[in-house]
Structure formats: C-alpha cells, structure tokens
Amino acid sequence: MSEMKKNQNDQNQKSESDVQIPLADLIKIRREKVLKLRELNINPYPYRYEPTHHIDKVLKDFDALAEKEEVIRLTGRIMLKRKMGKSFFAHIRDMSQAVQIYLKLDVVGRETFDLFNMLDLGDIIGCEGTLFVTKTGERTLRVKSLELLSKSLHPLPDKHAGLTDVETRYRRRYADLIINPEVREVFIKRSRIIKIIREFLNSRGFLEVETPILQPLYGGGMARPFTTHHEKLDMDMYLRIADELYLKRLIVGGYDKVWEYCKDFRNEGLDRLHNPEFSMIELYWANADYRDIARMFEDLLRHTVFTLYGTYKIPYGDHEIDFEPPFRWMTMIGSIEQQTGVDFTDLSYEQALEKAKALGLDTENLINRGKVIEAVWEAKVEKKLIQPTFVADFPVEISPLAKKHREDDRLTERFELFIAAQEMGNAFSELNDPMDQLERFLQQGKAIEDGDKEAQPLDDDFITALSYGMPPTGGLGFGIDRLIMLLTNQHTIRDVIFYPQMKDYREGTVPVSKILMQLLEEEQKKTE
RNA sequence: GGGGGUGUAGCUCAGUGGUAGAGCACCUGCCUUUUAAGCAGGCUGUCGAAGGUUCGAUCCCUUCCACCCUCACCA
C-alpha cells in the first residue's frame with residue numbers, strides 16, 4: 001500500500017506539466033487490485049456462475065425460502081457497501097431487483113472477507129447463502145461463499161444523486177441503466193409492447209415480412225432521405241423513409257395481410273419527437289378500406305393498453321388518456337369548421353388562401369389548396385386533440401398514395417389518429433388505380449420543381465406493380481417510438497430509444513481508453 | 001436554421017477579476033445486524049476549447065464545440 005502511494009507521488013512529480021486526471025488515479029487503484037487478485041490466484045474475470053434465482057423472485061418468495069433455509073445463489077453488481085468492523089453489508093443489483101447481502105468474518109472466513117474488502121462499487125459478484133431478516137427488518141442474504149465475477153475499473157456515479165446529466169445518460173447508456181433502474185423499466189415495457197403488437201397481428205393472420213432498407217429510390221412518405229453509395233454497383237442509394245411501396249408490391253403479389261416492423265431513416269432535424277432513425281409498423285390488408293383499418297387500429301391499441309396495464313385509462317403528463325373504443329371520428333375540414341367557423345369544403349385555392357391569411361397564418365409555402373387546408377388544420381385543431389381522435393379525409397394534394405374519397409374527389413380516404421396532440425398513426429384506403437397513381441406522382445414532381453423537398457419522386461417499378469392489379473387494400477403506419485412514449489409516459493423520444501443520435505464527442509474529454517493505455521504502458525515497462 | 005439557457009472533481013452541485021470549494025465516491029484507521037451507516041484522518045481539478053482585454057481571467061469580451069429548452073418542418 002505504501003508502494004502505491006509512492007507511485008502516486010512519483011507520478012505527481014514527473015507529470016507536473018502534464019494534465020492531471022483524477023479519474024486516472026481512481027482507475028489505477030482498481031487496476032492495481034486486479035493485479036493483486038491475480039497474485040492471490042483469484043481470476044478477476046472468471047468464466048461462469050450459476051445463480052439459482054433472480055433477486056425479485058427471492059424477495060417474492062422470501063418467507064418460504066428463509067423458512068426452508070434454502071441455499072440461494074445470486075449474481076449482481078455491488079451498488080452499496082458498508083463495512084462494520086468484522087462484517088459487511090452491501091446491496092447487489094441484478095437485472096430484476098436489488099437486495100442486501102451480509103458478510104461476517106467468522107462465517108465466510110478470512111480469505112473471502114479480505115476479498116470482499118478489496119471489492120468496489122460496480123464490481124459484479126456471485127454469492128451463495130441463506131436468507132434472514134435483520135434487526136431493522138431488511139430482507140438479507142447471509143453470504144457463506146462469494147466469487148468475484150467481474151472487476152469494474154470505472155467508478156460508478158453518485159450512489160444517491162445518480163446520473164442526471166442527459167448527455168452522459170445518452171452517450172453512456174450503460175451507466176444510465178446501471179444507476180437508474182426506472183430507465184431499464186421503460187425499455188422492458190418497450191419490448192413487451194412490441195411483443196403484444198406482434199402477437200396481435202400474427203393472431204389476426206398478418207404475415208410478418210422484411211423489405212429492403214437500402215433502396216435505389218425512396219418513397220412512401222414525405223421526407224428527405226439519407227443517401228449512400230454502393231461501390232461495386234457504382235450506384236447511389238437511399239436509406240428507406242417508409243416501407244409502404246415495397247409492402248404494397250407484396251399485396252400485388254397475392255399476400256392479403258402483411259406487416260413489417262420497420263427501421264426507417266429521415267434526414268431531418270432532431271428534437272423531442274424526432275430521431276433520424278426510428279421505428280414504425282406498417283401493415284396492409286387486402287379487401288379492406290380505411291374504416292376497417294380504423295376499427296382494427298382501435299382494437300390493437302385497446303388490446304395493447306389493457307394487456308399492459310389492465311385498464312383503458314393511462315396517465316400522460318397532465319392528462320389521462322382513455323383508450324376505450326370507439327375513438328372519436330371527425331373529418332379534417334369538419335374539425336376546422338368546428339374550431340374556426342370556416343367551412344373549406346367548396347373554397348377554391350385562392351379563396352382558401354384568403355381565409356388562411358385572415359386566420360393569421362403565414363401562407364408563403366402553401367402552394368396548393370390541400371396545403372392550405374392542412375396548414376389551417378395544424379394551426380387551429382391539432383393541439384386540441386388530447387383524447388384518441390381519428391381525423392379523416394385529407395386533401396388529395398397532400399396524400400399522393402391514398403385513394404380518392406368515394407364521395408368527394410378533392411379528398412382522399414385517409415385518416416390520422418391523434419392522441420395527446422401527437423400523430424399516432426396514418427392510414428389510407430390505398431390507391432390501386434395505376435393511372436391515378438401516375439398522375440399523383442406527376443403532381444408530386446411538379447411540387448419538387450416548386451421547391452418542395454419532401455415531395456415524392458416517381459417510382460416506375462411501383463407503377464408497373466400496380467398495373468398488374470392490386471386488390472382494394474387498407475394500409476396503416478404508426479410510429480413505434482411515439483407509441484412507446486405515450487404508453488410509458490415519457491416525453492422525449494430519446495428516453496425510449498437506447499442510443500439516440502448524438503453529435504460527435506466534445507473536445508477536451510479524455511477517453512477512458514487513453515487512461516488504460518497509459519496504465520498498460522507503465523505495466524509493460526515494469527515487466528521488462 | 002432563429003431565439004433563450006447550460007458546461008467547475010468519477011457523480012451531484014456551490015463559488016470568486018488575484019489559478020477553487022461541499023457532499024458522495026476514493027485512500028488509511030476504528031467499529032460483527034447496518035440503512036444515503038457512523039467516527040477520525042487523507043487524496044483529488046487543462047473551472048468545455050481557442051483567442052482577446054488586463055499587471056493578473058475559471059469569472060469580462062469574441063469565436064468555436066457539446067448539451068438542454070423553444071420556434072419553424074417531417075413520424
């Protein structure tokens with residue numbers, strides 16, 4: 001130990017001009033423990049351990065297990081450690097829960113006691129013993145034997161204050177997960193929600209399929225794509241922005257119910273609600289229209305919420321959202337009239353523009369009638385839709401893949417579902433008339449020329465597919481990350497994505513690998 | 001992209017125009033049922049980066065970087 005101090009002093013002297021990193025000292029102390037353990041013939045990184053229980057199971061069945069004096073083997077990370085002379089209390093946490101363990105010198109013996117004395121917060125151990133309750137009533141494992149399973153070199157965040165710096169939480173998600181158990185709960189729920197939806201769709205006869213992420217032409221949504229290049233083919237390619245066009249080709253091919261869990265990519269700004277890569281589910285159902293889709297979507301959400309929580313009402317921020325069907329259904333134009341008193345049904349582009357201006361909107365980029373109506377709707381209606389509400393019958397100009405409304409060809413059979421003022425899904429009676437689809441693409445082409453960076457390019461092969469004949473089809477897409485936010489009461493998308501997109505590391509930070517590199521060099525010099 | 005804010009020890013945070021502090025963590029003692037254990041002692045900093053003003057900058061100014069909030073657009 002005195003040698004350790006000398007080393008530190010040496011380092012302080014020789015590196016007076018160097019950068020001092022206190023973290024390096026902390027890591028060095030832990031690294032020296034690794035070397036010391038090896039000297040004692042203890043492998044700090046052994047190969048396996050067989051626990052008998054997860055901690056939550058032990059706590060659940062505690063009385064019975066304690067009564068029977070059953071020998072329990074647990075693994076976990078040391079989160080707290082208190083020395084009491086010739087005994088220790090500590091908390092270890094595994095994937096499920098945390099529990100207190102107790103070590104007594106005269107129970108575990110000198111070797112194990114000294115080993116545990118060397119261990120740090122963050123080390124992963126396996127321990128075996130029986131259960132008891134302490135004087136103060138805490139359920140505890142009395143350790144008889146103990147094994148180090150992995151030595152931790154990096155100190156843990158503060159045991160009480162935790163890790164709150166959002167940047168560090170996202171960049172080092174592992175540290176976030178170690179120290180903030182509620183974070184791991186959110187992601188467990190995320191996994192369960194996806195499983196529930198998958199089972200729901202499979203049980204309804206939908207076939208789960210996979211389509212290309214790497215595409216020669218993007219489409220199926222309004223967004224700017226990421227571009228990339230295939231070297232051997234010498235071909236520019238796009239990362240998909242939506243799965244729609246490939247899934248509909250499968251409907252043409254004869255499948256009548258398909259769906260895909262899609263990772264999509266959009267080259268746009270990122271904020272509370274947007275990550276450049278995100279997840280959607282898209283499904284297509286032959287011989288159905290958008291009303292059928294609405295009923296099924298309602299059912300899917302009802303089922304998911306109820307399976308998860310056993311109730312239809314869940315909190316989101318200040319609101320309580322009620323998922324009990326039927327959800328409210330209103331048309332886009334009708335909802336505008338309800339909020340503003342203006343009926344856009346029979347207004348021309350120029351008349352609509354006038355009304356929009358009168359309502360106080362910036363009308364600069366509103367290049368057609370549909371865009372005007374959409375803008376008014378977004379400004380005056382969207383934020384008010386807290387309880388689940390279908391908004392239906394969008395203008396044809398902003399819905400190039402949706403079938404024209406059976407009663408009004410200025411509109412399409414399309415709905416979006418809104419919950420908590422956020423779009424939770426988008427569905428159409430899919431456009432299956434190849435000639436109409438071609439015309440829509442041509443209109444989109446015009447919009448691109450007019451500077452609309454999100455308009456869709458003409459997809460010749462998709463037109464070819466439709467020309468073979470696609471049955472009447474209802475389609476739906478919904479953002480999984482947004483849904484997870486809603487169902488877990490999270491308010492930023494970064495809290496439901498393990499690794500949200502971040503800019504490159506900041507300057508001035510010293511990576512841990514650099515500290516380890518220095519230690520490695522020191523150790524190699526010593527052995528020479 | 002526009003506007004506002006933040007960046008100080010491994011973590012959570014104070015603070016000052018004269019090169020910096022607390023709690024936790026860490027190290028050394030004591031303590032065989034503790035509870036954010038306690039007690040005694042100790043170690044720890046490119047004060048986000050670069051430049052400028054100044055005798056002197058962590059603090060004032062400029063630029064840059066990262067993060068957060070917000071507005072505009074996409075899910």
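Naming: A, B, ... by sequence-line order, numbering from 1 per chain.
- Between the side chain of A/Asp165 and the base of B/rG7 there is no donor-acceptor pair of N/O atoms closer than 3.5 Å.
- In the interface, the side chain of A/Asp106 is paired with the base of B/rU32 through a donor and an acceptor atom under 3.5 Å apart.
- Using a cutoff of 4.0 Å between basic side-chain nitrogens and carboxylate oxygens, A/Asp176 and A/Arg173 are scored as salt-bridged.
- Base contact: A/Arg142 has a heavy atom under 4.0 Å from a base atom.
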Show your reasoning for whether ring pair (Phe, Tyr, Trp, His ring centres under 6.0 Å) applies to A/Phe88 and A/Phe113.
-> CA-CA 9 Å; A/Phe88 282 102; A/Phe113 191 82; 5.1 Å; yes
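- Results of the ring pair (Phe, Tyr, Trp, His ring centres under 6.0 Å) test with A/Phe418 over A/Phe390, A/Trp329, A/Trp377, A/Phe327 single out A/Trp377 as the only residue that passes.
- The side chain of A/Lys503 places an N or O atom within less than 4.0 Å of a non-bridging phosphate oxygen (OP1 or OP2) of B/rA66.
- A salt bridge links A/Arg190 with A/Asp481: the distance from a Lys NZ or Arg NE/NH1/NH2 to an Asp or Glu carboxylate oxygen falls below 4.0 Å.
- At the phosphate of B/rU34, neither OP1 nor OP2 sits under 4.0 Å from any side-chain N or O atom of A/Arg82.
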A/Asp495 and A/Tyr170: side-chain hydrogen bond (donor to acceptor under 3.5 Å, both in side chains), yes or no, with the steps?
-> CA-CA 8 Å; A/Asp495 286 333; A/Tyr170 299 143; 2.9 Å; yes
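- If you check every strand for non-hydrogen atoms under 4.0 Å, A/Lys159 touches sugar and phosphate atoms only.
- Nucleic acid contact for A/Gly85: base, since at least one base atom lies under 4.0 Å from a heavy atom of the residue.
- With sequence neighbours excluded, the residues forming a side chain to side chain contact (heavy atoms under 4.5 Å, CB included) with A/Ser150 are A/Tyr45, A/Ile124, listed by chain and number.
- Interface remark: the A/Glu138 side chain does not form any donor-acceptor pair with the B/rU33 base, using a distance-only criterion of under 3.5 Å.
- Note on A/Arg171: a side-chain N or O is less than 4.0 Å away from OP1 or OP2 of B/rC67.
- Within 4.0 Å of A/Gly162, counting heavy atoms only, lie sugar-phosphate atoms of the nucleic acid but no base atom.
- Summarising the geometry, the separation between CE on A/Met84 and P on B/rG29 is reported as 18 Å, rounded to the nearest angstrom.
- Ion pairing between A/Glu260 and A/Arg240 holds under the 4.0 Å rule for side-chain N and carboxylate O.
- The base of B/rU35 is paired with the side chain of A/Thr134 by a donor and an acceptor separated by under 3.5 Å.
- Note: CG (A/Asp158) to C1' (B/rA22) measures 12 Å, nearest angstrom.
- Ring to ring, A/Trp285 and A/Phe297 are not that close: their centroids are 6.0 angstrom or more apart.
- Look at the P atom in both B/rC61 and B/rU16: the space between them is 15 Å, to the nearest Å.
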Sequence-aligned protein contact record of nucleotides 68-73 of chain B, with B where the base is within under 4.0 Å of a protein heavy atom and S where only the sugar-phosphate is | S----B
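- RNA chain B contains the following stems of three or more consecutive Watson-Crick or G-U pairs, with both distances under 3.5 Å: B:1-7 with B:65-71, B:10-13 with B:21-24, B:26-30 with B:38-42, B:48-52 with B:60-64.
- Under the 30°/60° scheme for interplanar angles, the aromatic rings of A/Phe265 and A/Phe226 are found to stand perpendicular.
- Atom pair A/Asn117:CG and B/rU32:P shows a separation of 14 Å (rounding to whole Å applied).
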